[in-house]
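Just so we're on the same page: letters track the sequence lines, and every chain starts at 1.
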Amino acid sequence: MAGTLRPENVGSSQRVIGWVHRRRNLGGLYFLDLRDRSGLLQLSFGPDWTDAASLEAVREIGSETVIAAEGEVALRPDPNPELATGSVEVRVRTLRVVNTALSPAIPVYRTPEEDSPSEELRLRHRMLDLRRPELQRTLELRHRLVLDARNYMSARGFLEIETPILTKPTPEGARDYLVPSRVHPGEFYALPQSPQLYKQILMAAGFDRYFQIARCFRDEDLRADRQPEFTQIDVEASFITPDDIFAWMEGLMASLAGVAGIEARLPFPRLTWRESMERYGSDRPDLRWGVEIRDWTGVLAGSESTILRAAVEDGGRIRGLLLEGGAVLSRREIEVVEAQAKAVGAPGLLWLKSGPEGLSGPAARFVSEFVAEELGIRRGDLVLVAAGPDRVTSPALSAARAAVIAALGLPREREEAWLWVMEFPLFEEDAGRLLPGHHPFVQPHPSDLETLDHDPERARGLAYDMVYNGAELGSGSIRIHDASLQERVFRLLGIGGEEVDRKFGHLLRALRVGAPPHGGIALGMDRIVKMFTDSASLRDVIAFPKTTAARALFEGAPSHVRSEDLAELGIRPAEE
RNA sequence: GGGGCUGUAGCUCAGCUGGUUAGAGUGCCGGUCUGUCACACCGGAGGUCGCGGGUUCGAGUCCCGUCAGCCCCGCCA
């Protein structure tokens, strides 16, 4: 391999093959950087050591052409410390052009100052973009992570079992990708949103430790951290508690982090969902910074602000953030932070700076020096205040927390912040209707079983998320293994009678024939690679990703099909 | 479904309040050059200004629509 040659190879004859990365033509001498997966290697060509035909050939060679060269490894008079092979070169005797390349539509080589070509072009010419060392390294790391995950799980007795890609549509949750059946016109398969039900049925079947590197599909609108098809490390086990899952997954993450050269201190800290929302306003707080939300209802409820008083009278609370030294932010900078809170639905933030001339800002009118002291404000501090129900203030303060940390450029208190968030609410309410907080198979918390029917909104589930640096890397739960409890939960969700049978009959049949207690988790493989490589987008960790409109630009999917093909599937396009 | 940003040479970008031959860097083509490594130097070609419509004497520039890419809200059990 070209990138592996070192001074100890000097004097040996080598044959190397790869791509023309860059070429330098000095008239009589030519230098050419050869690239393969292992790295770059300089080839030199000159009349004293290169045959005439090869010298002629190198004159005309273009970048990205595939060449084979043969010659002697020699020390370079002037080494290049930026290359691993920088102290040697191959002095080429003969050169063979293996396959000429058209001038590339986007450059593979870029100078450090040069901006990337647009994402659109990078995706359209994916084979060129993937030649870049960064993406080569990322995909190699991804391979090593997946391999490590398989070895880790296998070593602990977990069996990798494949589950169907053509499955039954899921009634709730994300939109399914549907696949028409030719044999049964008018009927459809769905691509799996996850192997959730299959892995539970595998538990019922007695495969007490299962895992799978599973492809999942969800037809929802996309984001930088969301792709329509993505990969999960899917795990399920029988006769276990959440602690078993935590221990296995902490070990797995420590092992994966080790592969990526990242620290994972065990055990991961744990927060209940309630506590996480209280202290950080989010179910996936970024604990690289310690800033916490405070409850100032007691101190500020009696203030002269009608906004604050009204919020409390309506049953809300007054909560906020205290940023030491935050008064350096200008009004304009604080308004940018406030905009982030507004973007998630807050009417606004009240704020207060404690400067050399005393208190200033919109909240200064009703906060006396005395109250400021009670809040713990000192000279140079900034306070951001939100008032209202928790469902408004929590997201607002979470967004404001991230924005103000960024605005102040606060130093991280740790580089790697791992976390379990547990005891998620079993249900969430939407327009008077109960929806599953996670999915409908989560085991209710044992302490909440009795009150489940008359106070379902307060019920907690044995569900947990793994969080790393503010990103949700995985999510799981202990599942319901008792058919009658499962039916109770379906009833609370408004799924009853014949509908249960039609949608979940296969699950209930499995639970009724001796299903063991079981639970599991699914980790987002793509997100793990994204976080470990500090990539800006999931598109940078997937070989062939889709655009935000779910298009594949390289091959051009989705695409129209012939009407005969549709007719065979019993499908008629809707009239425009 | 909603909001925002972007679209000008192969690529990355500039183009002020509308004004006559739309520029730069890089890549590409040709030439000079024997130790370069972002080689250097000289010369050249290369543009439906995303697309459609409108306003105007005149549109890359203003307006409307549309397509594409990106970011966010909703959505993602």
Side-chain angles (χ1 to χ4, degrees), chain A residues 21-34 40-50 55 59-60 62-64 74-83 85-87 89 91 102-125 128-129 170-176 193-194 196-197 216-228 230 339-340 342-345 395 399 424-428 430 434-442 461 463 472 475 477 489 493 495 522 524 536-537 539 546-551 553:
Chain A
H21 191 60
R22 281 184 76 76
R23 203 178 54 121
R24 294 173 288 280
N25 177 353
L26 272 67
L29 292 181
Y30 297 82
F31 297 95
L32 185 155
D33 293 334
L34 186 76
L40 293 175
L41 172 69
Q42 174 166 286
L43 308 182
S44 70
F45 300 77
D48 298 342
W49 62 88
T50 307
L55 213 47
R59 257 172 53 85
E60 314 204 323
S63 29
E64 300 307 316
L75 279 177
R76 287 162 64 161
D78 214 350
N80 180 351
E82 284 173 27
L83 292 186
T85 59
S87 53
E89 65 181 10
R91 293 162 76 90
L102 296 174
S103 178
I106 58 169
V108 174
Y109 168 80
R110 299 203 293 263
T111 65
E113 295 83 48
E114 203 170 347
D115 287 338
S116 287
S118 68
E119 286 246 15
E120 183 175 355
L121 290 168
R122 289 177 52 202
L123 293 177
R124 208 175 282 288
H125 306 283
L128 292 172
D129 199 40
T170 25
E172 267 128 51
R175 233 171 270 121
D176 288 317
Q193 294 179 25
S194 78
Q196 181 61 35
L197 285 174
C216 307
F217 306 86
R218 293 178 193 174
D219 185 7
E220 293 292 347
D221 291 333
L222 305 175
R223 291 284 191 283
D225 60 351
R226 245 192 261 162
Q227 280 276 306
F230 57 99
Q340 295 303 306
K342 286 180 172 171
V344 293
F424 276 73
L426 204 51
F427 305 106
E428 53 192 60
D430 182 47
L434 283 186
L435 295 172
H438 185 54
H439 57 52
F441 319 117
V442 175
E472 179 200 317
S475 189
S477 63
V489 168
L493 290 168
I495 313 169
S537 160
R539 291 182 296 275
K546 306 231 172 355
T547 67
T548 44
R551 281 193 179 279
L553 295 183

Self-check item: Test side-chain hydrogen bond (donor to acceptor under 3.5 Å, both in side chains) applied to A/Ser44 - qualifying residues, sequence neighbours left out
Solution: A/Glu89
Quiz item: Whole Å only: how far is the CZ atom of A/Arg110 from the P atom of B/G25?
Solution: 21 Å
All N/O pairs under 3.5 Å across the protein-nucleotides 31-33 of chain B interface:
{"unit_1": "B/C33", "atom_1": "N3", "unit_2": "A/Asn25", "atom_2": "O", "d": "3.3"}
{"unit_1": "B/C33", "atom_1": "N3", "unit_2": "A/Gly27", "atom_2": "N", "d": "3.1"}
{"unit_1": "B/C33", "atom_1": "N4", "unit_2": "A/Asn25", "atom_2": "OD1", "d": "3.0"}
{"unit_1": "B/C33", "atom_1": "N4", "unit_2": "A/Asn25", "atom_2": "ND2", "d": "3.4"}
{"unit_1": "B/C33", "atom_1": "N4", "unit_2": "A/Gly27", "atom_2": "N", "d": "3.3"}

Quiz item: Rounded to whole angstroms, how far apart are CZ on A/Arg122 and C1' on B/A68?
Solution: 17 Å
Quiz item: Roughly how far apart, to the nearest Å, are B/G69 and B/G53 at atom C1'?
Solution: 23 Å
Quiz item: Rounded to whole angstrom units, what separation is found between the CG atom of A/Asp176 and the C1' atom of B/C76?
Solution: 12 Å
Table of protein N/O atoms under 3.5 Å from nucleotides 6-12 of chain B N/O atoms:
{"unit_1": "B/G10", "atom_1": "O2'", "unit_2": "A/Ala105", "atom_2": "O", "d": "2.7"}
{"unit_1": "B/U12", "atom_1": "OP1", "unit_2": "A/Ser118", "atom_2": "N", "d": "2.6"}
{"unit_1": "B/U12", "atom_1": "O2'", "unit_2": "A/Asp115", "atom_2": "OD2", "d": "3.4"}

Quiz prompt | Inter-nucleotide P distance (B/A22, B/G60), Å rounded | solution = 10 Å
Quiz item: Do A/Phe441 and A/Val489 have side chains that get closer than 4.5 Å, going by heavy atoms?
Solution: no
Quiz prompt | Between B/A38 and B/C76 - C1' atom distance, rounded Å | solution = 44 Å
Quiz item: Could you give the CG-to-P distance, from A/Leu222 to B/C72, as a whole number of Å?
Solution: 11 Å
Quiz item: Does B/A45 have a Watson-Crick or wobble partner in any strand here, with both distances under 3.5 angstrom, and which is it?
Solution: none
Quiz prompt | Assigned partner base of B/G25, Watson-Crick or wobble definition, under 3.5 Å | solution = B/C11
Quiz item: Quick one: the side chain of A/Arg226 and the base of B/C76, do they pair up donor-acceptor inside 3.5 Å?
Solution: yes
Quiz item: With both distances under 3.5 angstrom, what nucleotide forms a Watson-Crick or G-U wobble pair with B/A68?
Solution: B/U6
Exercise. Find the distance A/Tyr109:OH to B/U36:P and express it as a whole number of Å.
Key: 16 Å
Quiz item: A/Leu83 near the nucleic acid: base, sugar-phosphate alone, or nothing, with a heavy-atom cut-off under 4.0 Å?
Solution: nothing
Quiz prompt | Any A/Arg223 side-chain N or O less than 4.0 Å from OP1/OP2 of B/C73 | solution = yes
Quiz prompt | Sugar-phosphate only, base, or nothing, as touched by A/Gly437 at under 4.0 Å among non-hydrogen atoms | solution = sugar-phosphate
Self-check item: A/Thr547 side chain, from C-beta outward: closest of B/C37, B/G35, B/G69
Solution: B/G69
Practice problem: Look at the side chain of A/Glu220 against the base of B/G74 and say whether a donor-acceptor pair falls under 3.5 Å; ignore hydrogens and angles. | Solution: no
Self-check item: Nearest to side-chain heavy atoms of A/Phe31, which nucleotide of B/G27, B/G35, B/A38
Solution: B/G35
Quiz item: Is a donor-acceptor pair below 3.5 Å formed from side chain A/Arg76 to base B/C37, judging by atom type as modelled?
Solution: yes
Self-check item: Residues in side-chain hydrogen bond (donor to acceptor under 3.5 Å, both in side chains) contact with A/Ser116, at least two apart in sequence or another chain
Solution: A/Arg110
Exercise. Name the nucleic acid region contacted by A/Pro77, choosing base, sugar-phosphate or nothing; use a 4.0 angstrom heavy-atom cut-off, strictly under.
Key: base
Exercise. For A/Ser194, enumerate each residue passing the side-chain hydrogen bond (donor to acceptor under 3.5 Å, both in side chains) test, keeping only those at least two apart in sequence or located in another chain.
Key: none
Practice problem: Give a yes/no answer on whether the side chain of A/Arg24 brings an N or O atom under 4.0 Å of OP1 or OP2 in B/C39. | Solution: yes
Exercise. Indicate yes or no: at least one non-hydrogen side-chain atom of A/Phe427 is less than 4.5 angstrom from one of A/Leu493.
Key: yes
Quiz item: Are any non-hydrogen side-chain atoms of A/Asn80 and A/Gln42 less than 4.5 angstrom apart?
Solution: no
Exercise. Classify the side chain of A/Arg22 versus the base of B/C39 as yes if they form a donor-acceptor pair under 3.5 Å and no if they do not.
Key: no
Practice problem: Please determine, for the side chain of A/Gln42, which listed nucleotide (B/C70, B/C75, B/C37) has the closest atom? | Solution: B/C37
Quiz item: Given that both distances must come in under 3.5 Å, which nucleotide forms a Watson-Crick or G-U wobble pair with B/U32?
Solution: B/A40
Practice problem: Would you indicate what A/Thr548 reaches in the nucleic acid, counting non-hydrogen atoms under 4.0 angstrom: base, sugar-phosphate, or nothing? | Solution: base
Quiz item: Heavy atoms under 4.0 Å, any strand shown: does A/Gln193 hit a base, just sugar-phosphate, or nothing?
Solution: nothing
Quiz item: Can you name the side-chain hydrogen bond (donor to acceptor under 3.5 Å, both in side chains) partners of A/Glu119, sequence neighbours left out?
Solution: A/Arg539
Quiz item: For A/Arg551, which contact category applies under a 4.0 Å heavy-atom criterion: base, sugar-phosphate, or nothing?
Solution: sugar-phosphate
Quiz item: How far, in whole Å, is B/G54 from B/G46 if one measures between their C1' atoms?
Solution: 32 Å
Quiz item: Counting N and O atoms only, with roles assigned by atom type, does the side chain of A/Gln193 sit under 3.5 Å from a partner on the main chain of A/Ala174, one being a donor and the other an acceptor?
Solution: yes
Self-check item: Same-atom distance (C1') from B/U20 to B/G58, integer angstrom
Solution: 9 Å
Quiz item: Can a donor-acceptor pair under 3.5 Å be found between the side-chain atoms of A/Arg124 and the base atoms of B/G69?
Solution: no
Self-check item: Whole-Å gap separating C1' (B/A38) and NE2 (A/His21)
Solution: 11 Å
Quiz item: Base, sugar-phosphate alone, or nothing: which one does A/Glu64 contact when heavy atoms must sit under 4.0 Å apart?
Solution: nothing
Exercise. Given salt bridge (charged side-chain N to carboxylate O under 4.0 Å, His left out), test A/Arg24 with A/Asp33 step by step and report yes or no.
Key: CA-CA 9 Å; A/Arg24 294 173 288 280; A/Asp33 293 334; 3.0 Å; yes
Quiz item: With a 4.5 Å heavy-atom cut-off, do A/Val442 and A/Pro436 have their side chains touching?
Solution: no
Self-check item: side-chain N/O A/Arg539 vs B/C70 OP1/OP2, d < 4.0 Å
Solution: yes
